[in-house]
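The figures that follow rest on heavy atoms only: side chains count, while hydrogens, waters and symmetry mates do not. We name chains A, B, ... by the order of the sequence lines, and we start the count at 1 in each one.
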Amino acid sequence: MDKTFDHKSIEKKIADRWNKLEAFKFNPKSNNPPYTIILPPPNITGSLHLGHSLCYTIQDILIRYKRMKGFNVLWQLGLDHAGIVTQLLVEKELAGRGVDRHDIGREKFIEAVWNWKERSGGTILNQMQRLGVSGDFSRVCFTMDEQRQVAVRKAFVKLYNDGLIYRAKRLVNWDSKLKSAISDLEIVNKEVNGSMWYIKYPLVDDDPGGENSITIATTRPETMLADVAVAVHPSDARYKGLVGKLLRLPLTDKIIPIIADNYIDQEKGSGALKVTPAHDFNDFEIGRRHDLEAINILAPDGRMSDNVAAEYRGLTQEQARVLIIERLTNMGLVEKEEKIKHFVPYADRSGARVEPYLTDQWFLDAPKLATEALRAVEDGEIRFVPKNWENTYFDWMRNIKPWCISRQIWWGHQIPARYGPDGEIFVADCDEEAQTLAKKHYGHNVELKRDEDVLDTWFSSGLWTFTTLGWPNETTEFKKHHPTDALVTGFDIIFFWVARMIMLTTHICKRIPFKDVYIHAIVRDEKGQKMSKSKGNVLDPLDLIDEFGVDSLRFSIAALCAPSRNINMGKERMAGYRNFITKLWNATRFILMNGCRYDNHFDISAVKLSANKWIIANVINLISNVESAIENYRFDEAAKSIYQSLWGTFCDWYLEFIKPILSGKCQENISETKSTAGWAIAQFIKVLHPISPFITEELAEALGLTGNNSSLSTSSWPCYKLPKDFDRLQGEVDWICQAITAVRSLRSDFNVQPSAELKIIISENDCKKHSLDEYATFIYRLAKASILYESPEDDIASVPIIVEGCVIRVIMDKSIDINKEKARLQAEMEKLKIDSLSIKTRLSNPDFLAKAAETVIFDHKKRLSNMESRVDRINELLNV
RNA sequence: GGAUGCUUAGCUCAGCGGUAGAGCACUACCUUCACACGGUAGGGGUCACAGGUUCGAGUCCUGUAGCAUCCACCA
């Protein structure tokens with residue numbers, strides 16, 4: 001074995017072995033208790049980024065752990081068709097060849113998308129395998145594959161028949177670039193510079209150009225062409241008596257009323273609001289209350305439509321705005337213009353400015369579905385981990401609005417609705433069924449027209465837990481593995497996905513989709529900045545794997561996975577955990593070099609030597625700590641306790657303890673110690689396996705823990721009971737460790753050469769109390785100090801130290817002049833005292849305090865306390 | 001404007017009633033026969049600020065400040 005672990009030579013080999021053994025194949029016939037996770041399906045457009053690595057590693061840890069625990073694990077993998085994103089990408093690709101999708105038509109375009117899927121869909125799956133994802137890749141589903149299409153249609157029809165899906169003419173968020181409705185979650189608000197114009201609307205009864213008018217304020221004067229009223233607050237003194245009067249809308253000369261509505265905020269603008277129902281969500285509501293007409297002046301591409309005077313038609317809104325302001329200014333109707341900053345909605349995907357737009361769309365009655373979805377979480381049937389995300393969920397769910405599920409794009413599940421000649425709607429799974437419905441309605445066969453829209457991507461994602469398990473068929477998977485056990489995802493898609501899955505699944509299946517929702521943090525760079533290509537701080541997981549190895553990456557992820565909002569991932573930190581992986585490698589190498597192997601028949605209760613009992617107790621304790629950490633989704637604790645035990649206890653102490661034995665100094669214990677060491681390292685390898693599967697698989701084989709045709713992945717999780725008196729040794733060995741440390745400290749303080757041998761005297765009582773006979777060689781090995789059982793002559797210089805009430809006298813090597821060293825320490829102490837005195841003087845000087853900045857004072861205080869603690873230490877050493 | 005977090009060692013973060021912790025970085029010494037991606041010993045902390053509860057508060061409560069994120073906001 002090499003001195004350092006060469007991950008590159010091993011990862012591929014191990015992955016191939018897992019493949020060959022079909023280690024992760026799901027067995028539907030197994031009678032073991034089920035454990036199920038549905039993987040959040042990545043988009044077919046993507047490649048693996050660090051966020052994926054995090055999400056998948058966590059799931060893989062759970063899956064591998066549960067598999068070892070004897071569960072029949074089902075980790076359902078899949079891919080998402082990602083409607084809008086994919087369509088935009090394929091359009092872009094076509095545009096590169098000078099092709100517009102409208103030229104080739106819908107059918108050819110969809111063909112092109114499937115083509116794309118074939119090419120890029122597999123990329124991320126391959127990358128997942130590189131990460132060590134231990135799912136059954138033969139079961140990968142796709143949100144648009146045949147089975148899912150059937151299920152999605154079925155679900156839609158059911159929701160429609162249950163009155164939860166309806167078609168309506170409503171204002172929706174309109175992406176004018178995409179020419180499609182989008183959901184309010186797909187919008188980002190950006191702050192932009194704009195203007196607020198104050199425009200006078202003259203009262204009808206007055207002289208043309210007269211003084212009497214109402215001033216309205218607006219950032220979008222072009223929409224005034226669609227104004228149908230001006231609204232004021234009923235109790236606004238400024239407009240008392242004007243309610244009910246008529247205004248002449250400038251430019252169009254349309255007569256519009258002044259109405260009163262409680263929605264109006266007297267503080268904002270001029271207190272009078274122009275009402276434009278077709279182009280503002282609030283105005284739409286006002287329009288409904290007052291039975292006002294909604295005039296749509298925008299075309300689907302966001303330009304001025306034919307509903308306005310010819311001179312404005314076809315203009316962009318910006319062009320129309322300039323023209324209108326120019327005209328109003330000439331008419332003397334612009335009171336003032338204020339430059340302001342305000343937030344304007346943009347489409348997340350296409351970047352287009354989002355318009356409220358009046359169209360016919362399909363809606364899901366989310367407010368109705370929310371009741372049951374809220375109850376499931378309120379009652380604790382579904383548990384969020386960490387729990388505080390429940391509040392986010394509750395807040396959103398309690399204020400939920402109907403979800404517009406139709407999209408005017410081509411790539412997606414086409415809505416299973418057909419229209420009769422008179423517009424009557426027939427919703428059915430298939431053509432035949434729709435025809436039957438139509439015939440029943442009309443009394444004869446008619447020609448039906450299929451709705452062209454497709455469903456929002458998140459609609460099919462929302463059904464994911466059960467459509468992947470065979471629903472609507474009562475498959476074994478659906479019966480046994482649903483509800484699934486855990487959903488692992490980021491907080492950024494609680495609304496998009498988690499909430500919708502809960503709503504849809506509780507209604508359609510009458511059960512919850514999952515029991516636990518584990519919300520992981522978002523990966524950022526080491527400074528806590530969001531990773532983005534423009535900032536150039538993106539860490540590519542595949543690069544990290546190349547540099548540090550998968551096992552290090554996975555271990556880092558686990559170790560950093562504390563329950564907070566962010567995970568700051570930097571290379572320095574990763575290097576530290578890579579070192580840990582190397583440490584494990586070398587510890588195992590050492591054990592193998594000394595002829596230790598894992599012995600299947602090793603009986604821990606027959607062990608005699610304290611050091612061996614001690615490490616066994618530590619390891620058993622670790623196993624249960626790791627168990628409860630993983631069960632509680634505390635992967636950081638699992639990783640850290642393995643790190644701590646392996647490095648801090650096993651390597652730093654135990655291996656040093658047993659070196660004298662293994663080298664043949666105590667023949668009687670050699671066989672037992674070899675077995676114990678082999679057993680202990682095997683346990684470390686097992687408990688680490690869910691986190692770092694590759695190196696552990698490799699080492700397990702070397703240790704003889706697994707054979708040619710077996711895998712650690714499918715071996716069982718260690719289960720040991722601590723033999724009776726084992727944990728009582730803890731205090732005893734701790735004392736030994738402390739004594740050794742104390743001797744080493746003293747050596748360091750007195751500048752004793754590391755190679756110099758010390759003699760220490762421990763009272764007979766203490767020797768018995770701490771079974772020191774057994775440890776004599778250990779103390780020699782670790783502190784180069786051997787125990788004397790008889791007091792030497794008084795004239796030999798010694799320094800006493802106290803460890804937990806027991807006095808240890810350390811006899812110095814003859815080459816060390818104790819008095820000289822003591823004098824040196826004394827001098828150091830005096831100097832520190834004098835220095836600290838001068839700092840104290842400074843700090844008590846009002847002039848200094850007045851001049852010095854706070855940080856300077858802080859620095860002085862810090863230095864002072866450092867000096868004082870050093871003085872205390874030296875004092876202790878000299879006085880005992 | 002509403003909500004939720006965060007503020008602890010130089011950096012990144014754990015800890016959430018009982019003697020201030022980890023990793024990395026730092027200092028000194030050590031190429032000792034698993035490992036220099038190592039070993040040993042160290043140094044480094046007004047636990048944001050101000051009040052309160054308690055025998056006792058990074059830890060609970062109230063308030064303040066700064067930062068972050070989400071939601072709302074086109075008069």
Side-chain angles (χ1 to χ4, degrees), chain A residues 1 3-5 184-185 189 192 194 196-198 215-220 223 230-231 264-276 279-283 340 342-345 353 355-356 388-389 391-392 395-396 399 491-492 494-495 522 524 526-528 530 548 552 556 559-560 562-570 572-594 634 636-637 640 643-644 648 651-652 655-656 659 663 741 744-749 751 753-755 781-784 854 857-858 861-863 865-866 869-870 873:
Chain A
M1 280 171 85
K3 272 188 173 186
T4 48
F5 168 54
D184 41 9
L185 290 175
N189 290 303
V192 297
M196 177 79 78
W197 286 276
Y198 289 78
T215 300
I216 57 93
T218 181
T219 56
R220 302 185 61 193
T223 62
V230 165
I264 305 304
D265 183 341
Q266 301 182 38
E267 304 295 318
K268 279 191 192 166
S270 62
L273 174 72
K274 70 197 256 316
V275 181
T276 322
H279 297 287
D280 184 284
F281 287 98
N282 295 315
D283 292 13
I340 57 161
H342 61 143
F343 281 93
V344 174
R353 185 176 162 150
E355 298 292 339
N388 53 301
W389 288 111
N391 288 328
T392 309
D395 267 7
W396 191 70
N399 299 305
F491 63 80
D492 46 339
I494 291 180
F495 304 147
I522 298 293
R524 293 167 190 276
E526 68 273 2
K527 291 187 199 108
K530 218 171 191 170
F548 299 105
S552 307
S556 305
L560 294 171
S564 83
R565 289 172 93 103
N566 302 317
I567 289 182
N568 302 339
M569 185 70 89
E572 272 185 10
R573 190 89 189 232
M574 267 202 70
Y577 292 120
R578 184 265 328 269
N579 295 351
F580 170 74
I581 295 293
T582 310
K583 190 78 177 176
L584 168 70
W585 178 261
N586 278 301
T588 313
R589 194 163 69 97
F590 171 75
I591 279 173
L592 291 168
M593 280 164 63
N594 281 285
R634 287 303 302 263
D636 58 326
E637 283 179 3
K640 278 169 191 163
Y643 184 106
Q644 187 51 45
C651 292
D652 288 352
L655 287 186
E656 297 302 325
K659 271 178 184 173
S663 65
T741 305
R744 292 200 290 215
S745 288
L746 186 110
R747 183 193 281 281
S748 179
D749 274 325
N751 278 333
Q753 287 303 307
S755 51
R781 178 71 183 76
L782 289 162
K784 273 250 171 102
E854 203 171 312
I857 297 173
F858 179 63
K861 282 186 176 167
K862 216 158 117 181
R863 275 186 63 202
S865 89
N866 294 347
S869 69
R870 175 69 183 156
R873 255 185 64 81

Does A:Trp197 have any ring pair (Phe, Tyr, Trp, His ring centres under 6.0 Å) partners at least two apart in sequence or in another chain, and if so, which?
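Expected list: none.
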
5'-to-3' dot-bracket of RNA chain B (Watson-Crick, G-U; under 3.5 angstrom; crossing pairs as [ ]; | other strand):
((((((((.[[[[.)..(..]]]].(((((.......))))).....[[[[[..)....]]]]])))))))....

Return the 5'-most residue of the pair A:Thr4, A:Glu572 with respect to RNA chain B, ranking by each residue's nearest nucleotide.
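Its nucleotide being nearer the 5' end, the pick is A:Glu572.
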
Quick one: on RNA chain B, does A:Glu656 or A:Glu355 contact a more 5' nucleotide (nearest heavy atom)?
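Mapping each residue to its closest nucleotide by heavy atoms, the 5'-most match is A:Glu656.
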
Side chain A:Arg578 and base B:C37 donor-acceptor under 3.5 Å:
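A donor-acceptor contact between them is present.
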
What interatomic distance, in whole Å, is found between [atom1] of [M] and the corresponding atom of [N]?
N     : M     : atom1 : result
B:G18 : B:A57 : C1'   : 10 Å
B:A72 : B:A14 : P     : 28 Å
B:A25 : B:G51 : C1'   : 37 Å
B:U32 : B:A41 : C1'   : 16 Å

Go through A:Lys640 and A:Glu637 one step at a time and tell me if the salt bridge (Lys or Arg N to Asp or Glu O under 4.0 Å) criterion holds.
CA-CA 5 Å; A:Lys640 278 169 191 163; A:Glu637 283 179 3; over 6 Å; no

Run the salt bridge (Lys or Arg N to Asp or Glu O under 4.0 Å) test against A:Glu572 and tell me which residues pass, sequence neighbours left out.
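Once residues adjacent in sequence are excluded, A:Glu572 has no partner under the salt bridge (Lys or Arg N to Asp or Glu O under 4.0 Å) criterion.
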
Collect all protein-nucleotide pairs involving nucleotides 38-41 of chain B in which both atoms are nitrogen or oxygen and the distance is under 3.5 Å.
unit_1	atom_1	unit_2	atom_2	d
B:G38	OP1	A:Asn579	ND2	3.1
B:G38	O3'	A:Lys583	NZ	3.1
B:G39	OP1	A:Lys583	NZ	3.0
B:G39	OP1	A:Trp647	NE1	2.5
B:U40	O3'	A:Arg744	NE	3.1
B:A41	OP1	A:Arg744	NE	3.4
B:A41	OP1	A:Arg744	NH2	3.4
B:A41	O3'	A:Ser745	OG	2.8
B:A41	O2'	A:Ser748	OG	3.1

Whole-Å distance between [N] [atom2] and [X] [atom1]?
X        : N     : atom1 : atom2 : value
A:His342 : B:C74 : NE2   : P     : 10 Å
A:Lys659 : B:C33 : NZ    : C1'   : 8 Å
A:Asn399 : B:A3  : CG    : P     : 13 Å
A:Asn751 : B:C30 : CG    : C1'   : 13 Å

Could you grab the distance from atom CZ of A:Phe495 to atom CG of A:Asp184, nearest 0.5 Å is fine?
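It comes to 10.5 Å.
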
If you only use heavy atoms from C-beta on, which nucleotide in [options] is closest to the side chain of [X]?
X        : options             : value
A:Arg220 : B:C74, B:U12, B:A14 : B:C74
A:Phe495 : B:C70, B:C35, B:A75 : B:C70
A:Arg573 : B:A34, B:U12, B:C37 : B:U12
A:Thr219 : B:U69, B:A75, B:C71 : B:A75
A:Ala562 : B:A75, B:A34, B:A14 : B:A14

Could you tell me whether [X] contacts a base, only the sugar-phosphate backbone, or nothing, with contacts defined as non-hydrogen atoms closer than 4.0 Å?
X        : value
A:Leu592 : nothing
A:Asp265 : base
A:Arg353 : base
A:Asp395 : sugar-phosphate

Please classify the glycosidic conformation of B:G56 as syn (within 90° of 0) or anti (everything else).
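With its glycosidic angle more than 90° from zero, B:G56 counts as anti.
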
Could you check A:Leu273 against A:Asp265 for side chain to side chain contact (heavy atoms under 4.5 Å, CB included), going step by step and ending with a plain yes or no?
CA-CA 9 Å; A:Leu273 174 72; A:Asp265 183 341; over 6 Å; no

Using atom types as modelled and distance alone, determine if a side-chain donor or acceptor of A:Arg747 lies under 3.5 Å from a backbone N or O of A:Gln753.
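Such a contact is found between A:Arg747 side chain and A:Gln753 backbone.
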
Considering only distance and modelled atom types, tabulate donor-acceptor pairs under 3.5 Å from the side chains of residues 581-588 of chain A, sequence neighbours left out.
unit_1	atom_1	unit_2	atom_2	d
A:Thr582	OG1	A:Arg578	O	3.0
A:Trp585	NE1	A:Asp2	O	2.9
A:Asn586	OD1	A:Arg589	NE	3.0
A:Asn586	OD1	A:Arg589	NH2	3.1
A:Asn586	ND2	A:Lys3	O	3.0
A:Asn586	ND2	A:Thr582	O	3.2
A:Thr588	OG1	A:Leu584	O	2.8

Could you tell me whether the phosphate oxygens of B:C70, OP1 or OP2, come under 4.0 Å of any side-chain nitrogen or oxygen in A:Asn189?
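Answer is no, no contact under 4.0 Å.
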
Would you tell me if any nitrogen or oxygen in the side chain of A:Lys3 comes within less than 4.0 Å of OP1 or OP2 on B:C35?
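Yes, such a contact exists.
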
Between A:Tyr577 and A:Tyr643, does the side chain to side chain contact (heavy atoms under 4.5 Å, CB included) criterion hold? Intermediate values first, please.
CA-CA 9 Å; A:Tyr577 292 120; A:Tyr643 184 106; 4.0 Å; yes

Testing the basics here: between A:Leu560 and A:Arg573, what is the closest heavy-atom pair and its distance to 0.1 Å?
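Smallest interatomic distance, heavy atoms only, reads CD2-CZ, 3.5 Å.
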
State which residues pass side-chain contact (heavy atoms from CB on, under 4.5 Å) with A:Ala783; sequence neighbours excluded, sorted by chain then number.
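Partners of A:Ala783 by the side-chain contact (heavy atoms from CB on, under 4.5 Å) criterion, ordered by chain and then number, come out as A:Ile740, A:Val743, A:Arg744, A:Ala785.
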
